[in-house]
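Notes to accompany the following structure.
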Protein chains: 2
Amino acid sequence: MAGSTLRDVARRAGVSIRTVSNVVNGSVPVSDELRVRVQAALDELDYRPNLVARNLRRGRSGMIALVVPELDVPYFAELAREVITAARAHHYVVMLDQTDGDGERERELLGRESRATMFDGLLLSPLSISADELRRRTNRVPVVLLGEHIFNGSFHHVAIDNVVAAREATEHLLGLGRRRIAAIGDQPYSTGETAQLRTTGYRQALERAGLTVDDELIVPTPRFHRHLGAQAMERLLALPEPPDAVFCYNDLLAIGAMHTLTRAGVRVPDDIAVVGVDGIQEGRYSSPSLTTVAPDKAAIARTAVSTLLGVIDGSAPVPTETKAPHRLVVRESTAGARTD
Amino acid sequence: MAGSTLRDVARRAGVSIRTVSNVVNGSVPVSDELRVRVQAALDELDYRPNLVARNLRRGRSGMIALVVPELDVPYFAELAREVITAARAHHYVVMLDQTDGDGERERELLGRESRATMFDGLLLSPLSISADELRRRTNRVPVVLLGEHIFNGSFHHVAIDNVVAAREATEHLLGLGRRRIAAIGDQPYSTGETAQLRTTGYRQALERAGLTVDDELIVPTPRFHRHLGAQAMERLLALPEPPDAVFCYNDLLAIGAMHTLTRAGVRVPDDIAVVGVDGIQEGRYSSPSLTTVAPDKAAIARTAVSTLLGVIDGSAPVPTETKAPHRLVVRESTAGARTD
DNA sequence: CATCATCTCTGCATCGTTGCAAAGCGCACG
DNA sequence: CGTGCGCTTTGCAACGATGCAGAGATGATG
């Protein structure tokens with residue numbers, strides 16, 4: 001029951017511990033005769049290396065942590081999937097934690113008694129923590145930031161170009177002939193940088209089209225959840241002059257918005273076209289299916305993981321700001337065709 | 001940069017390593033004078049305990065692994081969220097891995113060179129691996145199984161009562177007056193036990209209502225994904241006598257099915273009522289919103305974690321089969337009211 | 001035949017922490 | 001004043017693995 005150790009195997013095979021280790025690792029040549037004998041002992045005792053001990057000796061754990069606000073938000077679940085896959089390609093495993101966007105939890109994560117030291121590095125998708133704090137707390141552990149916040153070059157960072165993504169989404173709506181385009185999801189305060197970038201892109205698109213931005217059409221939401229999208233849409237429908245299209249800052253907001261529209265008998269896209277961001281699977285089977293700006297999550301994950309591993313092995317000391325690709329996926333919610 | 005150790009702190013404070021350790025852990029009393037001095041040294045050097053070393057010494061890692069088929073399947077993401085939360089309450093962290101339902105991956109997970117030894121225990125949601133194999137491979141690591149497969153009492157196991165859940169879902173449809181009720185998601189082969197249990201419940205409900213089961217209405221699907229639900233529904237619509245209700249073995253199948261129905265101009269629930277299983281958030285904002293049998297995921301997670309920890313500390317040697325609660329959540333997809 | 005290079009194999013030290021037992025110290029008590 | 005008790009503090013060993021340097025054995029070479 002209690003796992004056997006190198007010592008047990010060595011005793012059984014009548015060789016030194018070191019020789020068993022050599023057989024297990026295969027790095028140092030071992031004579032055929034001994035190898036066979038040791039291998040037999042390994043099999044009989046069903047030896048499994050104690051990775052904790054190995055890690056201590058090697059100074060590496062082979063584990064990274066991925067910290068996201070909420071794992072049950074599809075975007076993060078899908079991203080986590082890709083991160084796990086990308087990490088596996090480098091023989092790394094991934095510990096997952098979620099902060100619920102709670103700054104306290106984020107801080108605790110990096111604090112004195114945290115488990116952070118167990119990991120070779122951290123992939124962090126911070127919501128509430130400030131750049132200063134992060135800097136103060138991460139002087140030990142290699143960190144790569146994902147998608148959120150701007151930390152003006154002091155951190156490794158992987159994200160899509162949010163301004164461009166938002167501009168393209170809005171331009172797509174303009175291309176349909178819509179002129180009264182709303183935006184759902186602005187976050188005009190210090191930790192809402194991502195949202196603000198999307199607002200910037202939205203404004204750019206309208207201005208380039210020679211339209212004036214109607215601030216009434218920009219509805220802020222504290223988070224990016226379905227029910228907040230639904231609420232925001234209600235507010236927009238109550239306007240004297242409702243919009244004819246909505247750019248939602250993520251797909252969940254868009255799905256919430258479409259929920260409100262469907263209930264209100266407003267046709268999508270005929271009366272109001274809807275576009276989201278994130279490219280989550282849910283949007284492919286919603287009714288109507290959702291047009292979205294889809295970040296290349298696999299690319300984000302691969303880049304983030306390899307950047308992090310670079311920091312870990314010291315080959316990437318200078319913070320890099322990587323822009324990951326995205327593409328517009330057009331579906332029914334902005335298609336010319338009727339929904340039903 | 002390189003983290004300071006107990007030795008460094010001890011040197012600086014002019015005390016023994018052991019005393020520093022005592023201050024850090026707080027378990028053994030230390031005189032005020034020394035504690036202050038040591039604490040100062042700890043702060044100055046920003047000491048963080050090396051958890052790998054601590055784990056080696058203590059023989060516990062404080063980590064469990066959660067292995068699910070696919071993390072981007074909402075049910076598993078939501079379950080993972082609860083598991084992480086439940087584990088945190090016990091000061092445990094959770095490593096996440098996914099197998100893609102690939103038996104090879106599941107086997108590898110338990111194999112010789114796996115990371116399994118790094119964890120104190122495993123929460124496993126197996127898809128393809130057989131009971132025998134699992135038994136052969138898990139003689140070392142404490143394991144609790146989640147929701148899938150039947151392993152006739154040789155493993156700790158937490159799941160809802162699938163037969164009852166399926167029966168209740170079907171009875172709900174019967175209660176609406178529907179009489180031609182289809183089922184989507186059967187898996188009539190060795191690793192599809194969960195699906196088979198749901199088929200059993202479905203049959204029970206029909207038989208108790210004095211109806212005969214029309215095997216044509218039971219559409220198998222190899223997995224529980226949206227597009228397979230959509231395909232299955234197409235098949236049902238093509239029948240000479242289509243159903244007036246569908247029980248889908250999970251919410252994704254149901255959402256796929258509703259997608260097909262909406263496109264085909266079939267009204268839900270007026271023409272065909274739909275019910276799913278899993279209680280994922282997506283179903284609350286789908287159009288129409290989805291009636292579902294919702295397992296209490298938090299309860300499943302709590303039970304699974306505390307059972308696992310019981311196995312780990314040896315206080316729960318006999319395999320327990322726990323039935324977690326579930327409840328029927330009625331929404332638009334089976335409501336009397338019109339959708340639009 | 002002596003010498004040296006080569007190839008296996010081994011023992012020791014070490015990673016950073018904690019368990020254990022005993023040392024050191026002060027104080028109360030006979 | 002000596003003994004014993006309780007409290008704090010310490011040194012040593014150990015968790016299980018690997019790096020390193022060196023010991024043996026073997027073969028090649030002059």
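Every chain is numbered from 1, with letters handed out A, B, ... down the list of sequences. All values below were derived from every heavy atom in this structure, side-chain atoms included, with hydrogens, water molecules and symmetry-related copies excluded.
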Between atom [atom1] in [X] and atom [atom2] in [N], what is the gap in whole Å?
X: B:Asp8; N: C:dC15; atom1: CG; atom2: C1'; answer: 13 Å
X: B:Leu34; N: C:dG24; atom1: CG; atom2: P; answer: 17 Å
X: A:Ile17; N: C:dT10; atom1: CD1; atom2: P; answer: 11 Å
X: B:Arg54; N: D:dG16; atom1: CZ; atom2: P; answer: 18 Å
X: A:Asn50; N: D:dC15; atom1: CG; atom2: P; answer: 11 Å
X: B:Asn55; N: D:dA17; atom1: CG; atom2: C1'; answer: 15 Å
X: A:Arg60; N: D:dG19; atom1: CZ; atom2: P; answer: 13 Å
X: A:Leu51; N: D:dC15; atom1: CG; atom2: C1'; answer: 14 Å

(message) Less than 4.0 angstrom from a charged side-chain N to a carboxylate O is my criterion; do B:Asp32 and B:Arg37 meet it?
(response) no

(request) Decide, yes or no, whether a salt bridge links B:Lys297 with B:Asp278 under the criterion of side-chain N to carboxylate O below 4.0 Å. (result) no

Which is true for [X] with a 4.0 Å heavy-atom rule: it touches a base, it touches only sugar-phosphate, or it touches nothing?
X: B:Val28; value: base
X: A:Val52; value: nothing
X: A:Thr19; value: base
X: A:Asn22; value: base

Check the phosphate of [N] against [X], side-chain N and O only, distance under 4.0 Å to OP1 or OP2. Yes or no?
X: B:Arg7; N: C:dC15; result: yes
X: A:Thr5; N: D:dG16; result: no
X: B:Ser21; N: C:dT17; result: no

(request) State whether the distance check finds a donor on one side and an acceptor on the other, under 3.5 Å, for side chain A:Arg57 versus base D:dT18. (result)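 In this structure, the two groups form a donor-acceptor pair.
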
(message) Between B:Asn55 and B:Ser61, do the side chains contain a donor N or O and an acceptor N or O under 3.5 Å apart?
(response) no

(message) Which is more 5' along DNA chain C, the nucleotide nearest A:Arg18 or the one nearest B:Arg58? Just name the residue.
(response) A:Arg18

(message) Pick the closest DNA chain C nucleotide for B:Leu6 and for A:Ser31 by heavy atoms, then say which residue is nearer the 5' end.
(response)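 It is A:Ser31 whose nearest nucleotide is closer to the 5' end.
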
(message) Taking the minimum atom-to-atom distance to the side chain of A:Leu56, which one of D:dT9, C:dT18, C:dC15 wins?
(response)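 Shortest atom-to-atom distance from the side chain points to C:dC15.
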
(message) Whether the side chain of B:Glu82 engages the backbone of B:Ile300 through a donor-acceptor N/O pair (distance < 3.5 Å, no angle test) should be reported.
(response) no

(request) Mark yes or no for whether B:Thr85, through its side chain, and B:Arg81, through its backbone, hold a donor-acceptor pair below 3.5 Å. (result)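 Side chain of B:Thr85 to backbone of B:Arg81, a donor-acceptor pair under 3.5 Å: yes, one is there.
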
